[in-house]
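By convention in this document, chain letters (A, B, ...) are assigned in the order of the sequence lines, proteins followed by strands, and residues within each chain are numbered from 1.
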Protein chains: 2
Amino acid sequence: MGKHESIPTPAVRRLSLYLRQLEAFRDSNLRTVSSKQLGQALRITDAQVRKDLAYFGQFGQPGIGYDVEELITKVRQILGTDRTWPVLLVGTGNLGRALVSYKGFQSKGFEVVAIFDDNPALHGKAFGENGPKVLPMEMLDAVVKDTQIRLAILSVPATVAQSVTDIMIAAGVKGILNFAPVALQVPRGVNVSNVDLAVHLEQLSFGIGSSGV
Amino acid sequence: MGKHESIPTPAVRRLSLYLRQLEAFRDSNLRTVSSKQLGQALRITDAQVRKDLAYFGQFGQPGIGYDVEELITKVRQILGTDRTWPVLLVGTGNLGRALVSYKGFQSKGFEVVAIFDDNPALHGKAFGENGPKVLPMEMLDAVVKDTQIRLAILSVPATVAQSVTDIMIAAGVKGILNFAPVALQVPRGVNVSNVDLAVHLEQLSFGIGSSGV
DNA sequence: CTATGTGAACAGCTTCACAGCG
DNA sequence: CGCTGTGAAGCTGTTCACATAG
């Protein structure tokens with residue numbers, strides 16, 4: 001569809017935060033919300049909120065604000081989560097197993113429909129109740145091609161992360177949520193979002209060091 | 001200690017990535033590395049690498065590059081991970097349990113030394129082999145004050161995240177790695193680093209939507 | 001009178017390009 | 001020569017301030 005020509009990357013990131021906060025407001029039975037209210041809850045200026053939303057359309061009404069329910073719908077459309085995305089997961093270590101049963105995904109429109117691991121002892125086993133069974137890596141290509149899965153969660157050791165990535169991309173995966181502490185090399189058109197837990201802690205330890213004992 | 005007056009936040013984030021990559025280079029028995037090599041591995045320009053490092057000191061040698069081992073030492077000092085940080089963890093759901101046994105922390109200088117949960121059935125139990133036992137929330141304040149823990153990992157449901165945060169901060173916590181999908185409100189001097197898995201997936205689904213079917 | 005949407009001003013970050021050093 | 005460190009230039013993102021709409 002349309003190209004998002006000049007939209008700042010940070011604006012897209014914040015869009016997710018707006019959605020989350022809007023859902024919280026809705027759960028508090030709020031019907032309309034102003035850029036100021038939204039900004040205060042997220043520690044963002046009201047001007048920033050308005051500008052971010054304006055990149056995607058005119059959703060507000062002067063003098064009133066934004067209709068919560070309507071804006072939720074719009075933002076979901078923009079983010080592409082107005083439908084359910086099938087997601088594949090590779091690697092069933094501690095983290096991988098936790099992610100399979102993570103409740104936050106389902107409610108946001110993501111569903112883990114296939115799990116792969118190279119440990120033969122796990123093949124055919126399932127985590128959780130109705131979860132998918134663990135499949136051998138050799139089946140990844142066929143499954144992805146069959147089911148048209150485009151999103152993957154990667155929670156394998158750093159040493160094999162790149163080779164697994166190559167396989168996934170060859171099969172058609174377009175977005176990878178990467179938990180392995182390596183900089184994955186991917187071709188244009190494939191997006192990677194990195195979650196490195198150690199990096200996050202390092203940022204915090206730097207923050208403490210700088211603000212005195 | 002020193003104030004980091006005008007250092008761009010993104011530069012600090014990248015510092016963690018440099019460290020990770022430098023360790024990989026060292027493991028490949030590389031002795032020196034140029035800003036170009038470092039940048040290529042991480043998909044960053046060589047000028048950016050040099051500028052980032054220059055914010056913290058003069059670590060390189062013209063004509064040669066950076067001494068890998070030496071730079072690792074320096075970066076660790078800067079990030080504050082040249083020692084081991086005791087970390088507390090609150091919330092032992094799927095994610096919390098996975099994080100307790102997560103190997104990536106230990107090797108990076110972080111050690112989970114205390115675990116709290118409000119579920120009485122878990123009190124006294126331990127995850128992993130020599131791990132700490134789960135303690136009731138009521139003991140958090142005393143334990144943090146006693147042991148001077150400054151870093152916390154928060155993996156509790158969104159509904160209680162803020163109240164747990166308030167308790168932790170009152171006890172002296174200065175840095176929080178937050179997995180709950182809420183914008184925590186914290187006073188100046190306390191740092192929060194958010195990991196919202198749904199947000200990450202939303203960014204990817206947006207990315208796919210924008211680059212055509 | 002309240003709150004949006006937006007050009008213009010500003011701030012912050014990145015890239016360029018080159019002097020200087022080994 | 002190769003590569004660092006760094007001012008200057010360029011670019012991107014944020015904030016300001018106000019015209020405009022309800």
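- In terms of phosphate contacts, A/Tyr55 brings no side-chain nitrogen or oxygen within less than 4.0 Å of OP1 or OP2 of D/dT12.
- The minimum heavy-atom distance linking B/Ser101 with B/Arg97 is given by the pair OG-O, 3.1 Å.
- Judged purely by distance below 3.5 Å, without hydrogens or angles, the side chains of A/Thr32 and A/Asp67 never pair a donor atom with an acceptor atom.
- Between the side chains of A/Arg150 and A/Gln148, at least one donor N or O sits under 3.5 Å from an acceptor N or O.
- Rounded to an integer number of Å, the gap from CG of B/Leu71 to C1' of D/dG5 is 14 Å.
- From the 5' end on, the contacts that DNA chain C makes with chain A at under 4.0 Å to a non-hydrogen atom open and close at C/dT2 to C/dA8.
- The 5' end of DNA chain D is approached more closely, in terms of each residue's nearest nucleotide, by B/Ser35 than by the other of A/Pro8 and B/Ser35.
- Across the protein-nucleic acid pair, B/Lys36 atom NZ and D/dG2 atom C1' stand 10 Å apart, rounded to whole Å.
- No more than 12 heavy atoms of other residues, nucleotides or ligands lie within 6.0 Å of CZ in A/Arg13, so this atom counts as exposed by the packing criterion.
- Per the geometry, CD belonging to B/Gln58 stands 18 Å off P belonging to D/dC3, to the nearest Å.
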**OP:** Do nucleotides 15-22 of chain D as a string where each nucleotide becomes B, S or -: B if the base has a protein heavy atom under 4.0 Å, S if just the sugar-phosphate does, - if no protein is that close.
**Re:** BBB---BS
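- Side-chain N/O atoms of B/Tyr102 and A/Asn94 include no donor and acceptor closer than 3.5 Å.
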Can you give me every donor-acceptor pair (side chain of residues 169-182 of chain A, partner residue at least two apart or in another chain, under 3.5 Å) with its distance?
residue	atom	partner	partner atom	Å
A/Asn178	OD1	A/Ala180	N	2.9
A/Asn178	ND2	A/Ala180	O	3.1
A/Asn178	ND2	A/Val182	O	3.3
A/Asn178	ND2	A/Asn194	OD1	2.8

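- Here B/Ser34 does not reach the OP1 or OP2 of D/dC3: none of its side-chain N or O atoms lies under 4.0 Å away.
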**OP:** Please step through side-chain contact (heavy atoms from CB on, under 4.5 Å) for the pair A/Ser35 and A/Tyr66, ending with a clear verdict.
**Re:** CA-CA 8 Å; A/Ser35 57; A/Tyr66 301 87; 4.2 Å; yes
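- Atom CG of B/Asp67 and atom P of D/dT4 are 13 Å apart (whole Å).
- Salt bridge B/Arg20/A/Glu202: absent, no basic N to carboxylate O contact under 4.0 Å.
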